[in-house]
Amino acid sequence: MYLEAILVLGEQAEAVHSVDVATYLKVTKPSVSRAMSNLKVAGYLTMSPDGSIKLTARGKKKAASVYDRHVTLTKFLESLGVDKKTAADDACRIEHVISNKTFSQIKSHIE
């Protein structure tokens, strides 16, 4: 969810900072700091001396995949009659545990 947040925030502003991510995800700054450190070590992002966060090519690919899952699952749930807020909230939870096979079938179904 952190990578997805950085991707979305990066489309809305020139620079993304930890405080932006914390506000967007409604989590604490220490939680974001810990996550940013882990994601940096994993090669998903870089942080500049001014604190701005940039996704690496690997990070962009992973973030785009997670975002695609979120958007697709939200649309699917809405097509079942689930309201937008609930669909988005549930999609956020589902996107992390659903198998690639099931996701692929859902995506094919709604397209």
Side-chain angles (χ1 to χ4, degrees):
M1 71 181 168
Y2 288 98
L3 292 174
E4 182 181 353
I6 296 165
L7 179 72
V8 170
L9 290 168
E11 292 174 0
Q12 298 171 359
E14 287 186 34
V16 177
H17 294 86
S18 292
V19 67
D20 304 319
V21 176
T23 302
Y24 182 82
L25 294 175
K26 298 177 182 148
V27 297
T28 64
K29 291 181 204 171
S31 293
V32 173
S33 179
R34 192 169 36 256
M36 295 305 106
S37 178
N38 292 338
L39 292 169
K40 183 178 176 184
V41 168
Y44 289 117
L45 58 85
T46 60
M47 295 184 76
S48 65
D50 73 352
S52 62
I53 302 164
K54 300 262 188 224
L55 294 172
T56 62
R58 181 177 179 209
K60 285 178 187 175
K61 183 177 178 181
K62 181 68 172 176
S65 173
V66 172
Y67 186 68
D68 179 46
R69 282 178 167 243
H70 181 85
V71 169
T72 300
L73 291 167
T74 299
K75 286 179 186 176
F76 176 68
L77 294 171
E78 287 177 356
S79 76
L80 298 175
V82 178
D83 68 89
K84 288 183 186 231
K85 169 97 172 82
T86 303
D89 291 347
D90 287 348
C92 191
R93 288 187 283 277
I94 294 168
E95 71 195 29
H96 300 285
V97 297
I98 192 171
S99 71
N100 289 336
K101 185 176 182 179
T102 301
F103 175 72
S104 179
Q105 291 297 328
I106 290 171
K107 187 167 183 161
S108 293
H109 178 75
I110 67 165
E111 289 177 345

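Sequential numbering from 1 along the given sequence is applied to the chain's residues.
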Sequence neighbours excluded, which residues qualify as side-chain hydrogen bond (donor to acceptor under 3.5 Å, both in side chains) partners of His70?
->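 For His70, the residues satisfying side-chain hydrogen bond (donor to acceptor under 3.5 Å, both in side chains) (neighbours in sequence not counted) are Glu95.
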
Using side-chain hydrogen bond (donor to acceptor under 3.5 Å, both in side chains) as the criterion, list what pairs up with Thr28, not counting sequence neighbours.
-> Ser31

Taking only distance into account, with no hydrogens and no angle test, what donor-acceptor pairs under 3.5 Å do side-chain atoms of residues 85-93 form with protein atoms, sequence neighbours excluded?
| unit_1 | atom_1 | unit_2 | atom_2 | d |
| --- | --- | --- | --- | --- |
| Lys85 | NZ | Asp89 | OD1 | 3.4 |
| Lys85 | NZ | Asp89 | OD2 | 2.8 |
| Thr86 | OG1 | Asp83 | OD1 | 3.1 |
| Thr86 | OG1 | Asp83 | OD2 | 2.8 |
| Asp90 | OD1 | Arg93 | NH2 | 2.6 |

Could you list who else is in Leu39's hydrophobic cluster, with ILVMFWY side chains joined at under 4.5 Å, directly or through other members?
->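 So far as hydrophobic clustering goes, Leu39 is joined with Met1, Tyr2, Leu3, Ile6, Leu7, Val8, Leu9, Val16, Val21, Tyr24, Leu25, Val27, Val32, Met36, Tyr44, Leu45, Met47, Ile53, Leu55, Tyr67, Val71.
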
Assess whether side chain to side chain contact (heavy atoms under 4.5 Å, CB included) is satisfied between Val82 and Thr74, documenting all intermediate values.
-> CA-CA 9 Å; Val82 178; Thr74 299; over 6 Å; no

Tell me, which pairs form a side chain to side chain donor-acceptor pair (under 3.5 Å) where one or both residues lie in residues 45-57, sequence neighbours left out?
-> Ser48-Asp50, Ser48-Ser52, Asp50-Ser52

Please name all residues satisfying salt bridge (Lys or Arg N to Asp or Glu O under 4.0 Å) with Lys40, sequence neighbours left out, ordered by chain then number.
->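 For Lys40 there are no salt bridge (Lys or Arg N to Asp or Glu O under 4.0 Å) partners, ignoring immediate neighbours.
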
Are there more than 12 heavy atoms of other residues, nucleotides or ligands under 6.0 Å from atom NE2 of His96?
->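 Count over threshold, so yes.
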
In Å, rounded to the nearest 0.5 Å, how long is the span from [atom1] of [X] to [atom2] of [Y]?
X: Ile106; Y: Glu111; atom1: CD1; atom2: CD; answer: 12.0 Å
X: His17; Y: Lys29; atom1: NE2; atom2: NZ; answer: 12.5 Å
X: Asp68; Y: Glu4; atom1: CG; atom2: CD; answer: 10.0 Å
X: Lys61; Y: Ser65; atom1: NZ; atom2: OG; answer: 9.0 Å

Taking [X] for its side chain and [Y] for its backbone only, find out whether a donor-acceptor pair lies under 3.5 Å.
X: Arg58; Y: Ala42; result: yes
X: Ser79; Y: Phe76; result: yes
X: Thr23; Y: Val19; result: yes

Check whether Leu77 and Ile98 end up in the same hydrophobic cluster, where Ile, Leu, Val, Met, Phe, Trp and Tyr are linked by side-chain heavy atoms less than 4.5 Å apart.
->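 Same cluster: Leu77 reaches Ile98 through Ile, Leu, Val, Met, Phe, Trp or Tyr contacts under 4.5 Å.
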
Same cluster for Ile110 and Leu80 if Ile/Leu/Val/Met/Phe/Trp/Tyr side chains link at under 4.5 Å?
->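 Ile110 clusters together with Leu80.
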
